[in-house]
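What follows is a set of notes on a single structure, which appears directly below.
Because only heavy atoms are used, hydrogens play no part in the values below, and waters and symmetry mates are left out as well, while side chains stay in.
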Amino acid sequence: MILKDKVALVTGAAQGIGKAIALKLANNGAEMIISDVNLDKAQETAKDIEKLGRRAVALKANVASLHEAETMMGEAVNKLGAIHILVNNAGITRDALILRMKEEDWDAVIGVNLKGVFNCTKAAVKHMSKQRYGRIINIASIVGEMGNAGQANYAASKAGVIGLTKTVAREFASRNITCNAIAPGFIETAMTQALSENVREELAKQIPLGRLGMPEDVAEGVLFLVSDAGNYITGQVLNVNGGMYM
C-alpha cells in the first residue's frame, strides 16, 4: 500500500474523474475526504471507499468560497487527523462563443475552476507547511494549453491553473510540498458521453492513440505524482491526452 497512513482530499469527487481518482488513491492505502457540492453522491462515493476497508468522509463545499474551503479543510483535519494530499479536481463548464458569453458564465467558471484551486490550496498549505509534507495535484485541461473555440472561460481558467501550479511549487518547495498539474485530453465522462456518436468519432480521429481516455487514465497519473515515485517532481504539467497535444 504505497499511500498507507496518508490522508487525501479530492474535490469534485462525487463522480467522473474525481471519483476515479478517489477510488485509485483509496485502493492504494489512502484515507479519503470526498468533497463535492452534491453531498448525496459524495456519500455514495465514500461508501464505495469504505467497502475497500478505508476510512472515508463526505463533505459538502463550494470551493469558490474561501470560507467554505477553509471550513472543509479544518473538518478534514479534525476527522482524519491530517491532510497530506490535495487533488483540486472540481470544475464546471458554461460554454459559449465570446460574443455570446454572459458575464455571469465567465465569472462562474473562473470562480470554481481557478479561484477554487486557489482557495483550497491556501487552506491546505497551512496544514501541510506545519507537517512539512504535502502533495498537491491540480486538474487542468488540454484546452488550457491549446485553447478551444466556445470555451474562453474554461480555457482561461485551466491556463490559470497551470500558472498557479508553478507558483505554488516555487513558494512551498522548501516545506517539502510539491505541486503539479495534470492536463487531461478528452476523457470518457458524462460530458463527453452527451456528444453525438459522429462528434465522438471525429474527436477520436484527432487523437494519435485513436480513442478517448478513461477517468482511470487520469487517476493513474495522480497516483504516480503523489507517490514516492514523484518525490522529485514539482511545477510540472503531465499531459494525459493520448498524444492529441504534444
Side-chain angles (χ1 to χ4, degrees), residues 1-63 68-91 116-117 120-121 123-128 130-139 176-180 182 184 187-190 213-231 233 238 240:
M1 292 293 180
I2 61 177
L3 298 180
K4 186 177 183 295
D5 299 325
K6 295 293 192 296
V7 176
L9 188 155
V10 182
T11 66
Q15 58 190 338
I17 291 173
K19 182 173 183 176
I21 292 169
L23 289 170
K24 177 65 66 175
L25 299 183
N27 263 311
N28 283 272
E31 313 291 346
M32 297 301 308
I33 300 291
I34 305 302
S35 166
D36 206 280
V37 291
N38 188 326
L39 184 58
D40 289 339
K41 285 191 174 182
Q43 289 171 334
E44 290 175 10
T45 299
K47 289 177 182 177
D48 290 340
I49 289 170
E50 287 172 344
K51 292 175 184 177
L52 301 173
R54 305 283 171 267
R55 289 188 296 168
V57 176
L59 296 176
K60 181 177 181 178
N62 175 9
V63 299
E68 290 193 34
E70 290 179 331
T71 300
M72 171 185 67
M73 214 63 64
E75 285 187 49
V77 173
N78 287 337
K79 291 180 182 295
L80 294 185
I83 176 73
H84 303 105
I85 297 166
L86 169 65
V87 182
N88 285 306
N89 168 75
V117 174
C120 292
T121 299
V125 293
K126 295 176 183 178
H127 301 282
M128 292 177 173
K130 291 177 182 177
Q131 67 198 17
R132 291 188 173 271
Y133 180 90
R135 298 291 177 263
I136 300 172
I137 306 297
N138 299 325
I139 304 302
N176 192 30
I177 298 171
T178 65
C179 185
N180 294 286
I182 291 181
I187 307 296
E188 291 277 8
T189 62
M214 300 300 294
E216 291 74 18
D217 294 321
V218 180
E220 289 286 3
V222 173
L223 178 63
F224 165 65
L225 289 171
V226 302
S227 72
D228 287 347
N231 280 347
I233 301 172
L238 176 62
V240 181

> Per the side-chain contact (heavy atoms from CB on, under 4.5 Å) rule, which among N88, N138, I137, L86 passes with C179?
Replying inline: N138
> Is there a side-chain contact between I136 and M128, using heavy atoms and a 4.5 Å cut-off?
Replying inline: yes
> To the nearest 0.5 Å, how far apart are NE2 in H84 and NE2 in H127?
Replying inline: 12.0 Å
> Do any N or O atoms from the side chain of N180 and from the backbone of I233 form a donor-acceptor pair under 3.5 angstrom?
Replying inline: yes
> Side chains of I85 and V87: closer than 4.5 Å at any heavy-atom pair?
Replying inline: yes
> When you look at K24 and E220, which way does the salt bridge (Lys or Arg N to Asp or Glu O under 4.0 Å) test go after all the steps?
Replying inline: CA-CA 7 Å; K24 177 65 66 175; E220 289 286 3; 2.9 Å; yes
>> Working to the nearest 0.5 angstrom, can you tell me the gap between I177 CD1 and R135 CZ?
In response: 9.0 Å
> Got a second to check how far E75's CD is from E68's CD, nearest 0.5 Å?
Replying inline: 10.5 Å
> Ignoring hydrogens and geometry, is there a side-chain-to-backbone donor-acceptor pair from N89 to G12 under 3.5 Å?
Replying inline: yes
> Roughly how far, to the nearest 0.5 Å, is the OG1 atom of T45 from the CG atom of D40?
Replying inline: 11.0 Å
> Are side-chain heavy atoms of L223 and N27 found at a separation under 4.5 Å?
Replying inline: no
> Which heavy atom of L52 sits nearest a heavy atom of A26, and at what distance?
Replying inline: CD1-CB, 4.1 Å
> Between the main-chain N or O of S35 and the side-chain N or O of T11, is there a donor-acceptor pair closer than 3.5 Å?
Replying inline: no
>> Rounded at 0.5 Å granularity, tell me how far CD1 in I139 sits from CD1 in I17.
In response: 7.0 Å
> At their closest point, which heavy atom of L3 faces which heavy atom of S227, and how far apart are they?
Replying inline: CD2-CA, 4.4 Å
> What's the shortest heavy-atom distance between R55 and E31, and which atoms?
Replying inline: N-OE1, 2.5 Å
> Shortest non-hydrogen contact from L25 to A8?
Replying inline: CD1-CB, 3.8 Å
> What are the two closest non-hydrogen atoms of P215 and I187, and how far apart are they?
Replying inline: N-CG2, 3.5 Å
> How many angstroms lie between atom CG of L39 and atom CD of E44, to the nearest 0.5 angstrom?
Replying inline: 10.5 Å
> What's the shortest heavy-atom distance between M72 and L59, and which atoms?
Replying inline: O-CD1, 3.7 Å
> Is any side-chain heavy atom of K19 less than 4.5 Å from a side-chain heavy atom of D48?
Replying inline: yes
> Would a distance-only check, ignoring hydrogens and angles, find a side-chain to backbone donor-acceptor pair under 3.5 Å from Q131 to I83?
Replying inline: yes
